[in-house]
Amino acid sequence: MAKNAVITGWGYYAPSRVMTNADLERIVDTSDEWITSRTGIKERRIASDGETTSTMSVRAGRAALEKAKMRAQDVQLIIVGTASPDYLFPATACLVQAELGATRAGAFDVEAACTSFLSALAIARGMIVSGAVENALVIGAETLSRLLNWKDRTTCVLFGDGAGATLIEASNASVGIESTVLHGDGTKGELLMVPAGGSKIPASSDSVERGLHFITMAGGEVFKLAVKSMADAAEEAIAEAGVSLDDINLMIPHQANLRIIDGVAKRLHFPSEKVFVNIQRYGNTSAASIPIAICEAEATGRLRRGDKVLLVAFGGGFTWGASVLEWYGAHDGVRPASPLDRARGVLGDVVERVRPL
Ligand code: COA
């Protein structure tokens, strides 16, 4: 049984269409000044007509597999975290599985709003460490632009589209994903939701007329709880990992609002220069925000092998959670030759050979 689960591949996809705050000024009664000062967002990406959560997931997933030098047919599990799936069912993960040609992979979606990626990561880690699977492609992806009421300035300025993916593999090394904590409070569900389209309020001409298939949100309430919950989860994940905040090299928070991110750092007395922020360019991409941020942090040299990383998220449900991991990085191109080797513990030998443990 593997001791640990490590991220060995990562990739993301952001639609090429950029919508700036100036573009929004032409659609709703808002201003660049209001959006920037309240949220930190300057622009966001919007999916084009042919793009969906599954097509963006496929592009991110393919990039993660390439980084890990893993063939799609060797992937054993695909989990897509999303609140904006292509369909109610089949799961977006199944569409991704088919398109990637991941013929041996199990596939399902996880929906925990903006905490979906962390939730999927926690499941993948558990299944890998228990020996149920050797690897999992964990994707966070959203096309929230299709759930937004573009006449509602209180929500449409906040969100964006995109996808991020990570390949998680079993490892016998002593490092990896060291803790995952998840929480929920369903009593607050109505503060951030899409009311219609499910079994309670099925799609009808009435539901469409009343705009019930759009995201609704009580922003102020969400804000208050997000800061406290994320800070609490971060402390819990750090304690569970047996480290201290001083050991953390980089915090990658869910990118919902710059003021929420700053509030979490302040509450934890965590230095802001060690917090990764890219919300100014993407807005809130919900489940996609953490995996996209992981990719950009790595690409800009802010994630190096051996770094301790704190992931923390909050979202509708309410849901929230955090994870501490030690960044392993790409596996230096050496892969056990046979499926038998892979079954024995996958990257263990490789990890131990290349890491000064
Ligand atoms: N442009 C201009 N004015 C806007 C606006 C916009 N896009 N959206 C709302 N307003 C107006 C409101 O109508 C309200 O006007 P009123 O006072 O005349 O009624 C006023 O701005 C509210 O301002 P304020 O109270 O300063 O807003 P805020 O500081 O609470 O910020 C949010 C609003 C939405 C940015 C903030 O509450 C927030 O970020 N909440 C969390 C949202 C979130 O991250 N959700 C996802 C969690 S994963």
Side-chain angles (χ1 to χ4, degrees), residues 19-44 81-84 110-119 140-145 147-162 164 182-186 188-194 214-234 252-267 277-280 282-293 311-322:
M19 183 183 275
T20 64
N21 291 347
D23 294 330
L24 278 163
E25 285 175 2
R26 289 188 279 275
I27 301 173
V28 285
D29 180 15
T30 190
S31 66
D32 174 49
E33 192 282 321
W34 193 97
I35 301 171
T36 307
S37 63
R38 300 300 200 291
T39 71
I41 301 167
K42 298 298 281 184
E43 60 187 41
R44 68 289 291 143
T82 185
S84 46
V110 164
E111 195 283 288
C114 301
T115 317
S116 296
F117 175 78
L118 266 190
S119 304
E142 303 282 7
T143 321
L144 291 174
S145 61
L147 300 180
L148 290 171
N149 179 352
W150 288 97
K151 292 181 178 149
D152 176 7
R153 66 178 183 173
T154 68
T155 51
C156 76
V157 304
L158 302 175
F159 298 96
D161 300 334
L182 297 174
H183 291 284
D185 179 3
K188 307 280 192 315
E190 292 187 357
L191 296 176
L192 176 51
M193 72 187 305
V194 177
F214 293 131
I215 292 174
T216 62
M217 181 177 69
E221 297 300 311
V222 175
F223 191 102
K224 271 184 260 159
L225 281 157
V227 173
K228 181 182 182 321
S229 307
M230 286 168 82
D232 289 351
I252 300 183
H254 166 50
Q255 311 281 311
N257 179 315
L258 186 56
R259 287 188 301 148
I260 293 179
I261 294 171
D262 287 346
V264 173
K266 202 166 157 207
R267 208 176 162 102
V277 175
N278 63 2
I279 189 171
Q280 62 280 7
Y282 295 113
N284 180 349
T285 57
S286 186
S289 89
I290 288 179
I292 290 176
L311 311 178
V312 56
F314 181 90
F318 286 160
T319 55
W320 65 98

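First listed ligand is number 1; within each ligand, the first listed atom is number 1. Everything numeric here is computed off the predicted structure, so don't read it as measured data.
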Next on the checklist: Between Asn284 and His254, is the side chain to side chain contact (heavy atoms under 4.5 Å, CB included) condition met? List the steps.
Outcome noted: CA-CA 8 Å; Asn284 180 349; His254 166 50; 3.0 Å; yes
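- Using a 4.0 Å cut-off between a side-chain N of Lys or Arg and a carboxylate O of Asp or Glu, Asp161 and Arg44 do not qualify as a salt bridge.
- The shortest heavy-atom contact between Ala112 and Ser119 is CB-OG, 3.6 Å.
- Taking atom 24 (P) of ligand 1 as the reference point, the nearest protein heavy-atom neighbour is Arg38 NE, 3.9 Å.
- For the residues Glu221, Glu33, Arg153, the heavy atom positioned nearest atom 7 (N) of ligand 1 is part of Arg153.
- For atom 26 (O) of ligand 1, the protein comes within 4.0 Å by at least one heavy atom.
- Short contacts between ligand 1 and Phe314, defined as distances under 4.0 Å to a heavy atom of the residue, involve ligand atoms 48 (S).
- Side-chain contact between Val28 and Trp150: absent, with no pair of heavy atoms (C-beta onward) separated by less than 4.5 Å.
- For ligand 1 and Cys114, the ligand atoms under 4.0 Å from any heavy atom of the residue are 48 (S).
- When distances from atom 17 (O) of ligand 1 to the protein are checked, no heavy atom turns up under 4.0 Å.
- The protein heavy-atom contact nearest to atom 44 (O) of ligand 1 is Ala256 CB, 3.5 Å.
- Using a 4.0 Å threshold on non-hydrogen atoms, atom 30 (O) of ligand 1 does not count as touching the protein.
- Residue contacts with ligand 1 for Thr154 involve both N, CA, C or O and side-chain atoms from C-beta outward (heavy atoms, distance under 4.0 Å).
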Next on the checklist: Set out, in order, the CA-CA distance, both residues' side-chain angles and the distance that settles salt bridge (Lys or Arg N to Asp or Glu O under 4.0 Å) for Asp232 and Lys228, then state yes or no.
Outcome noted: CA-CA 6 Å; Asp232 289 351; Lys228 181 182 182 321; 2.6 Å; yes
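- Nearest protein neighbour of atom 9 (C) of ligand 1, counting heavy atoms only, is Trp34 CZ2, 3.5 Å.
- When only non-hydrogen protein atoms are considered, atom 39 (O) of ligand 1 lies nearest to Asn257 ND2, 2.6 Å.
- Counting the atoms of ligand 1 from 1 in the order shown, those under 4.0 Å from a heavy atom of Asn284 are 46 (C), 48 (S).
- Here is the list of ligand 1 atoms found below 4.0 Å of a heavy atom in Met217: 42 (C), 43 (C), 45 (N).
- Closest approach of Thr115 to Phe314, counting heavy atoms only: OG1-C, 3.6 Å.
- Distance from atom 28 (P) of ligand 1 to its nearest protein heavy atom, with residue and atom name: Arg259 NH2, 3.8 Å.
- Counting only distance, with no hydrogens or angles, the side chain of Glu142 and the backbone of Ala288 share no donor-acceptor pair below 3.5 Å.
- In this structure, atom 35 (C) of ligand 1 has protein heavy atoms in its sub-4.0 angstrom surroundings.
- Considering every non-hydrogen atom in both Ile215 and Val194, the closest pair reads CG1-CG2, 3.8 Å.
- Taking every heavy atom of Phe223 and a limit of under 4.0 angstrom, the matching atoms of ligand 1 come to 38 (C), 39 (O), 40 (N), 41 (C).
- When hydrogens are left out, the protein atom nearest atom 41 (C) of ligand 1 is Gly219 O, 3.5 Å; that is the closest non-hydrogen contact.
- Residue contacts with ligand 1 for Thr30 involve both N, CA, C or O and side-chain atoms from C-beta outward (heavy atoms, distance under 4.0 Å).
- Each of the following atoms of ligand 1 lies closer than 4.0 Å to a heavy atom of Val157: 7 (N).
- At a 4.0 Å heavy-atom cut-off, ligand 1 touches Ile260 through the side chain alone.
- By the criterion of a heavy-atom distance under 4.0 Å, the side chain of Thr39, and not its backbone, is placed next to ligand 1.
- Within a 4.0 Å radius of atom 47 (C) of ligand 1, the protein has at least one heavy atom.
- Residue contact check for ligand 1: Gly220 places a non-hydrogen atom closer than 4.0 Å to it.
- Note: no N/O pair closer than 3.5 Å links His254 and ligand 1 by distance alone.
- In this structure, atom 21 (O) of ligand 1 has a protein heavy-atom contact shorter than 4.0 Å.
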